[in-house]
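Working notes, beginning with the structure itself.
Each chain gets a letter, A, B and so on, in the order its sequence line appears, and its residues count up from 1. Just so it is clear, the structure is predicted and the values come from calculations on it, not from any experiment.
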There are 2 protein chains.
Amino acid sequence: MARNVEFDEALAIQKAMEVFWKKGYNATSLRDLTDAMQINSSSLYNTIGDKQELFVRCVQHYTNIRKKDWDQRLASERSPLAVLTDYIHEAVSIIINGEDSCMAVKTAFEVATNDERVKQILAADDQRSNQFLYDLIKKAMDAGEIKNDEDPALLADYFNSTWTGWYESYILHKDSVKIKRMAAYFIKQLTK
Amino acid sequence: MARNVEFDEALAIQKAMEVFWKKGYNATSLRDLTDAMQINSSSLYNTIGDKQELFVRCVQHYTNIRKKDWDQRLASERSPLAVLTDYIHEAVSIIINGEDSCMAVKTAFEVATNDERVKQILAADDQRSNQFLYDLIKKAMDAGEIKNDEDPALLADYFNSTWTGWYESYILHKDSVKIKRMAAYFIKQLTK
DNA sequence: CCCATTCTGAAACATTCGTTTCAGAATTGA
DNA sequence: TCAATTCTGAAACGAATGTTTCAGAATGGG
């Protein structure tokens, strides 16, 4: 019938996400976005929608990436405890070496309070993160790798919420030793 | 020589702080601020300065209030462990009943990455919070109220960063039982 | 009381914001 | 090739942004 869309929508979303991630929702202008996406605002409004809609798509994209990572790790043949400790060490590495904090955390505090759709996406993401930890802890307990005198659901809750504070600490103090020490204590609590 | 400032600056800062707290820095407009402060923008610029300067003053004000609270608690005659557990329970109550999250946490993620002055204020605030916990834990250990087989500085670090995740969890899930369970586990770790 | 000084209120400032418009280029199926 | 349709680019939109201006009201010290 007629012409097709010229730009790669998935790539454009990725670029937009990077800008939102770095600057936050409110500090990002439409010009920032169209510059990074390399498209005209008319194309943006014709395909994706307005700034809010674009942001929702970016947060969705961010959480989809995380979901894939968790699924891959859960499918691993290695011991649950090894998968868990690897995950913790990689999380620490991301906190210390990453340029920006976790986008989900930043967004939870800046946007989720006022935007129900964004809140729902992040709540579902947090639920998956929780389930990921629960599955590993439960399997490690059943395999006798860690002590089982505590409710695995409680431990999953507790550990899941612990990361967030590490991001804040690293923003304020840029002290990587401190983060590593907390991670070591974290693992020790589980295993001892 | 001449006329004095008409408005109560301390009260105006308080009102501005409440707006920044609720909406965040970038989503707050100067009209929002002058409306809440009940002053004209010319008065604001003549006395306090621009939006950034006002924000810095508000964050300072927020952290000053916290400092006073910690000092009062540390001056208490009661047992260190009792002071600590009271503090935790009140923190949980604020998370669950408060309308907005902690302003320091929100600001750390939204502004501290890009504003060195704000970062310094929040880093100092976090340092005091840490010291507050350290002092109580150390005193409780010396008094034999809690086991002393762990470095109190590490425990203070760890617990200090733990709160932040509870705020995030409550924003996303509004599950007060979950927060209370985590707080109970938190105290149990200390005392058992 | 009066003059010098300072504060206030309303209006205006340039700039940027998110969004829309639309002519023309591009692409499709026939 | 052609007509129908859709996309793109540049420009423009009104509204809102943070900030400045300045005339006039208010108040201090002499």
Output the rounded distance in Å from [atom1] ([X]) to [atom2] ([N]).
X: Glu53(B); N: dT20(D); atom1: CD; atom2: P; answer: 13 Å
X: Asn46(A); N: dT6(D); atom1: CG; atom2: P; answer: 11 Å
X: Asp32(A); N: dT16(C); atom1: CG; atom2: P; answer: 12 Å
X: Glu9(B); N: dT8(C); atom1: CD; atom2: P; answer: 11 Å
X: Leu54(A); N: dG18(C); atom1: CG; atom2: C1'; answer: 12 Å
X: Phe7(B); N: dT6(C); atom1: CZ; atom2: C1'; answer: 13 Å
X: Ile39(A); N: dT8(D); atom1: CD1; atom2: P; answer: 8 Å
X: Leu30(B); N: dT17(D); atom1: CG; atom2: P; answer: 9 Å

Could Lys51(A) and Tyr25(A) be counted as a cation-pi pair, given that NZ or CZ must be under 6.0 Å from the ring centre and within 45° of the axis? yes
Would you mind classifying the nucleic acid contact of Thr28(B) as base, sugar-phosphate or nothing, using non-hydrogen atoms under 4.0 angstrom? sugar-phosphate
Which of these nucleotides, dT8(D), dT19(D), dG18(C), is closest to any side-chain atom of Ser29(A)? dG18(C)
Report all interatomic pairs (protein N or O, nucleotide N or O of nucleotides 10-14 of chain C) with separations under 3.5 Å.
| residue | atom | partner | partner atom | Å |
| --- | --- | --- | --- | --- |
| dA10(C) | N7 | Asn40(B) | ND2 | 3.1 |

Look at Tyr45(A) and dT20(C) and indicate whether a side-chain polar atom (N or O) is within less than 4.0 Å of OP1 or OP2. no
Below 4.0 angstrom, N of the basic side chain to O of the carboxylate: do Asp115(A) and Lys119(A) qualify? no
Lys/Arg-Asp/Glu bridge criterion (N-O < 4.0 Å) met for Lys139(A), Asp135(A): no
Listed by chain and number, what are the salt bridge (charged side-chain N to carboxylate O under 4.0 Å, His left out) partners of Asp86(B), not counting sequence neighbours? Arg78(B)
For residues 16-24 of chain B, run the donor-acceptor check on the side chains, cut-off 3.5 Å, and write out each pair with its distance to 0.1 Å, sequence neighbours left out.
| residue | atom | partner | partner atom | Å |
| --- | --- | --- | --- | --- |
| Glu18(B) | OE2 | Gln14(B) | NE2 | 2.9 |
| Trp21(B) | NE1 | Ser101(B) | O | 2.5 |
| Lys23(B) | NZ | Asp32(B) | OD2 | 3.2 |

Report all side-chain donor-acceptor pairs from residues 176-188 of chain B shorter than 3.5 Å, counting only partners two or more places apart or in another chain.
| residue | atom | partner | partner atom | Å |
| --- | --- | --- | --- | --- |
| Lys178(B) | NZ | Asp157(A) | OD1 | 3.2 |
| Lys188(B) | NZ | Glu150(A) | OE1 | 3.2 |
| Lys188(B) | NZ | Glu150(A) | OE2 | 3.1 |

Quick test of your reading: applying ring-ring contact (aromatic ring centres under 6.0 Å, His included), list the pairs with at least one residue in residues 95-120 of chain A, sequence neighbours left out, ordered by first then second residue. Phe109(A)-Phe109(B)
State the dot-bracket string of DNA chain C. Criteria: Watson-Crick or G-U wobble, both atom distances under 3.5 angstrom; notation: ( ) intrastrand, [ ] crossing earlier pairs, | interstrand, . unpaired. ||||||||||||.||||.||||||||||||
Is a side-chain donor-acceptor pair under 3.5 Å present for Ser161(A) with Glu168(B)? no
Can you find a pair of side-chain heavy atoms, one from Leu84(B) and one from Leu190(B), that are under 4.5 Å apart? yes
